[in-house]
Amino acid sequence: MDFKGKRVLITGAAGFIGSNLTDALLEKGAEVIGIDNLFNGRVENLEEAMQNKNFQFHKGDIRDLNFLLDLFKDIDIVYHQAAFTSVPQSVKMPENCNNVNVNGVLNVLNAARRMNVDKVVYASSSSVYGDTPTLPKREDMPRIPISPYGVAKLACEAYMQVYYQVYGLKTISLRYFNVFGPRQRDSPYSGVIAIWLGNIIRNEDLVIFGDGTNSRDFTYIKDVILANLLATEHDAPGEILNIGAGSPINLTDLAKLMLKITKKETLGLIYSDPRPGDIIHSYADITKAKQLIKFEPQFNQEAGLKDYFKWYKNKYNVDLDIV
Ligand code: UD1
């Protein structure tokens with residue numbers, strides 16, 4: 001799709017997913033307005049974008065409606081990526097999670113409606129399914145979240161649908177399944193792959209919460225960016241689509257694969273207590289996304305991990321031997 005002449009706005013533009021999306025849209029010729037409160041996001045992630053004359057950055061918060069109203073003028077598409085992203089942190093502070101995620105979505109939708117934005121593409125989450133037994137997860141299955149984070153994401157999806165049905169604002173929700181890749185932070189509340197890559201670089205053992213049988217459908221960032229571009233190109237208003245690799249792996253196998261790829265098999269695996277709020281298994285059926293937006297993931301987990309590790313090695317000049 002040609003984005004030349006399009007004005008797009010990305011919330012959470014300095015974050016992991018938002019900054020990758022910013023770069024991709026700039027490369028496609030769009031004019032990009034990035035906003036971020038820099039709570040989780042980092043300006044460093046926008047180093048390249050800042051050099052581009054088609055990029056503007058504004059520091060501010062999605063909880064501030066006036067801030068959004070000013071910036072949403074003449075915007076064609078909004079990609080709403082800003083969020084409170086951690087499941088365990090949502091267990092500790094459910095009100096904060098609700099404020100950022102649910103109230104934030106309402107502000108984004110209201111601003112988009114008032115300023116006549118064409119389309120809102122929303123970053124939802126596989127956490128809405130909870131621990132229902134049937135796998136893989138299909139969009140029409142029951143959604144019974146088991147964390148405050150999952151509840152908030154489910155409410156946000158429902159708002160996306162209602163703003164299409166009631167107000168005719170074109171929205172689409174992409175239910176991401178455990179995204180990983182360049183610029184994901186290595187902090188205690190980050191995704192497991194970024195944490196373990198940090199451990200590997202520092203020659204530390206990897207800590208697994210639970211018995212290692214928990215599984216996730218880890219999805220490479222480049223496939224998530226592809227899904228966002230396809231969701232812009234194809235019209236599927238009011239829809240919710242799973243975006244995953246469609247090939248789950250359990251945590252013990254993931255840890256061993258990461259150690260194998262980096263030739264660090266001498267490092268150990270430490271099993272610790274399960275984390276409250278954690279889903280046991282998560283695995284995406286991506287048939288609907290294939291049908292509606294022609295989504296075909298390009299990276300299996302091993303290919304994604306290698307691409308990520310190579311990026312990391314080049315960027316930070318670390319001593320990492322990648323098979
Ligand atoms: C992740 C995302 C969430 C997103 C969801 C679905 C993060 C921080 N969370 O949640 O925003 O909505 O996917 O796309 O990116 N684990 C360990 N050791 C560790 C850390 C985690 O064993 O050091 C385990 C966890 O207990 C869990 C699994 O790894 O079983 C995945 O955890 P995590 O990477 O935090 O992701 P989710 O909670 O699934």
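Atoms within each ligand, like the ligands themselves, are counted from 1 in listed order.
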*For atom 2 (C) of ligand 1, which candidate among Leu206, Ile17, Thr85 provides the closest heavy atom?*
Thr85
*Nearest non-hydrogen atom to atom 23 (O) of ligand 1 belongs to which of Val224, Val207, Ile270?*
Val207
*Flag the pair Lys170 and Asp235 as a salt bridge only when some basic side-chain nitrogen lies within less than 4.0 angstrom of an acidic carboxylate oxygen.*
yes
*For atom 29 (O) of ligand 1, which of Leu251, Asn250, Asp278, Thr252 has the closest heavy atom?*
Leu251
*asked:* For Phe39, I'd like to know if atom CZ has over 12 heavy atoms of other residues, nucleotides or ligands within 6.0 Å.
replied: no
*Stepwise side chain to side chain donor-acceptor pair (under 3.5 Å) check, Tyr129 with Asn242*: CA-CA 11 Å; Tyr129 290 111; Asn242 286 343; 2.7 Å; yes
_So, taking the atom named OG in Ser147 and the one named NZ in Lys153, what distance separates them when rounded to the nearest 0.5 Å?_
11.0 Å
*Ring geometry between Tyr312 and Tyr308 (parallel below 30°, tilted from 30 to 60°, perpendicular above 60°)*: perpendicular
*Mind checking whether Lys153 contacts ligand 1 via backbone (N, CA, C, O), side chain (CB onward), both or neither, at a 4.0 Å heavy-atom cut-off?*
neither
_Looking at ligand 1, is there an atom of it that comes within less than 4.0 Å of some heavy atom belonging to Tyr149?_
yes
_With respect to Ser125, determine whether any N or O atom, backbone or side chain, lies less than 3.5 Å from an N or O atom of ligand 1._
yes
_In terms of relative ring orientation, are Phe180 and Tyr220 parallel, tilted or perpendicular, with 30° and 60° separating the classes?_
tilted
_His58 and side chain to side chain contact (heavy atoms under 4.5 Å, CB included): which single residue from Leu71, Asp36, Asp70 fits?_
Leu71
*asked:* Evaluate Glu157 against Ser124 for side chain to side chain donor-acceptor pair (under 3.5 Å), listing each step before the verdict.
replied: CA-CA 7 Å; Glu157 283 184 352; Ser124 187; 2.7 Å; yes
*Where the closest heavy atom to atom 36 (O) of ligand 1 is concerned, which of Leu254, Val87, Asn178 has it?*
Asn178
_Checking the N or O distance criterion of under 3.5 Å, is ligand 1 in contact with Phe209?_
yes
_N or O contact, Ser86 vs ligand 1, cut-off under 3.5 Å_ = no
*N/O to N/O below 3.5 Å, does that happen between Ile279 and ligand 1?*
no
*Does any N or O atom in Ile208 lie less than 3.5 angstrom from one in ligand 1, N or O only?*
no
*Using a 4.0 Å heavy-atom threshold (strictly under), name the region of Pro274 that reaches ligand 1: side chain, backbone, both or neither.*
neither
